[in-house]
Amino acid sequence: MKTITRKLLYPVILVGMVLIAVLTIMAGVRPIYLLLVALGLFLSARLANYQLRYFYRGLQAFQQRDLAASEANFRIFLADAERRPWIKKLMWLSWGSYTGDIEAMGYNNLGAICLETRRLEEAKTCLQKALSLDANYAKPHYNLAVIAVLQNDAEASKLHFEETRRLGFTNSAFDQFLTKVQTDYADFNVKTNDWLKKDSRAQGK
């Protein structure tokens with residue numbers, strides 16, 4: 001799926017959900033049934049995202065500029081994804097704007113951390129791994145372009161920036177908005193999963 005299509009999914013799905021709710025109520029369906037369906041989807045998403053909790057913890061820590069904690073969580077997630085590849089399919093209710101492969105996101109984010117800590121060759125390895133998982137993922141190209149600038153490789157930088165734009169990522173206001181939405185969603189997931197974990201401990205007493 002192309003980036004431009006993924007980016008439009010958020011507003012399209014939101015409008016679609018509102019229309020479905022309105023039409024369902026107009027058709028005479030009691031609102032309680034809509035609430036039950038919404039609750040079912042919410043609980044399904046919670047159970048699925050619990051398996052992806054280290055990814056969301058890594059994203060939250062990255063946003064908070066705790067790069068050490070972020071890297072540790074992403075490495076745990078990536079090791080888990082390699083050992084249990086089926087967990088990638090649990091992304092069904094938390095699609096990405098730029099890729100449908102959460103493992104590719106993990107490698108891109110790990111590459112971004114390595115870039116910020118100036119481990120450029122390690123960053124390139126992670127970003128190239130992300131592209132091997134999804135060749136149409138724009139963000140690794142953006143990060144590779146930044147690395148090329150730092151390494152005084154103007155030609156490589158230009159090529160990666162052109163590929164970034166071709167794939168639909170321009171770091172526009174809308175791109176930044178989507179990034180904020182995903183970060184807020186990660187923060188919500190972390191807090192919810194921590195609450196579920198505490199609740200589970202309480203039940204075990």
Side-chain angles (χ1 to χ4, degrees), residues 6-7 10 45-85 87-88 90-91 93-134 137-151 160 164 169 171-202:
R6 287 187 175 281
K7 287 163 66 173
Y10 284 96
R46 292 303 95 221
L47 292 173
N49 287 336
Y50 184 74
Q51 300 296 327
L52 306 174
R53 62 193 180 279
Y54 290 108
F55 174 86
Y56 292 115
R57 288 175 184 172
L59 198 58
Q60 181 191 54
F62 186 82
Q63 180 66 17
Q64 295 172 349
R65 311 308 300 158
D66 187 348
L67 299 184
S70 182
E71 179 173 350
N73 278 289
F74 279 129
R75 290 193 183 280
I76 293 173
F77 164 73
L78 290 169
D80 204 18
E82 184 176 352
R83 186 175 68 254
R84 300 185 300 156
I87 68 172
K88 292 168 59 172
L90 298 177
M91 196 183 164
L93 278 179
S94 53
W95 62 89
S97 303
Y98 307 98
T99 178
D101 192 317
I102 196 169
E103 186 179 9
M105 288 188 209
Y107 275 109
N108 175 70
N109 294 338
L110 185 57
I113 293 169
C114 292
L115 168 57
E116 292 217 18
T117 52
R118 292 301 186 266
R119 290 172 285 159
L120 301 186
E121 293 305 316
E122 188 177 355
K124 287 167 71 173
T125 298
C126 292
L127 297 169
Q128 288 161 358
K129 176 64 175 178
L131 289 173
S132 74
L133 292 166
D134 185 351
Y137 188 9
K139 282 193 171 183
H141 282 292
Y142 183 90
N143 289 323
L144 285 166
V146 174
I147 291 174
V149 169
L150 294 174
Q151 295 182 329
H160 282 298
T164 297
F169 179 74
N171 207 22
S172 64
F174 187 57
D175 286 319
Q176 293 172 23
F177 166 73
L178 289 178
T179 298
K180 184 178 187 308
V181 169
Q182 291 173 328
T183 301
D184 290 345
Y185 184 71
D187 186 57
F188 172 75
N189 273 324
V190 170
K191 290 177 180 177
T192 306
N193 287 334
D194 286 346
W195 178 81
L196 288 172
K197 188 175 181 180
K198 291 176 182 177
D199 185 60
S200 175
R201 288 176 180 171

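Being a predicted model, the structure only gives us computed values, none of them experimental.
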Minimum-distance pair of heavy atoms, taken over all atoms of [X] and [Y]:
X: T164; Y: A138; value: OG1-O, 3.8 Å
X: L120; Y: I147; value: O-CD1, 4.1 Å
X: A104; Y: T99; value: CB-OG1, 4.3 Å
X: K139; Y: F169; value: CE-CE1, 3.8 Å
X: Y98; Y: D134; value: O-OD2, 4.4 Å
X: A123; Y: L115; value: CB-N, 3.7 Å

Starting at [atom1] of [X], measure out to [atom2] of [Y] and round the result to the nearest 0.5 Å.
X: L59; Y: L52; atom1: CG; atom2: CG; answer: 12.0 Å
X: Q63; Y: S70; atom1: CD; atom2: OG; answer: 10.0 Å
X: C114; Y: N109; atom1: SG; atom2: CG; answer: 11.0 Å
X: K88; Y: L133; atom1: NZ; atom2: CG; answer: 5.5 Å
X: Y137; Y: D101; atom1: OH; atom2: CG; answer: 9.0 Å
X: R118; Y: L150; atom1: CZ; atom2: CG; answer: 5.0 Å

(message) Would R57 pass as a cation-pi partner of Y54, given that its NZ or CZ must be under 6.0 Å from the six-membered ring centre and within 45 degrees of the axis?
(response) yes
(message) If you define the side chain from C-beta out and look only at heavy atoms, does anything of E116 sit under 4.5 Å from R65?
(response) yes
(message) Would you say that F62 contacts N73 through its side chain, given a criterion of any heavy-atom pair below 4.5 Å between the two side chains?
(response) no
(message) Can you classify the ring geometry of F55 versus F74 as parallel (below 30°), tilted (30 to 60°) or perpendicular (above 60°)?
(response) perpendicular
(request) Could you tell me whether E82 and K129 have a side-chain N and a carboxylate O separated by less than 4.0 Å? (result) no
(request) Verify side-chain contact (heavy atoms from CB on, under 4.5 Å) between I113 and R119, making sure each step is shown before the conclusion. (result) CA-CA 9 Å; I113 293 169; R119 290 172 285 159; 4.1 Å; yes
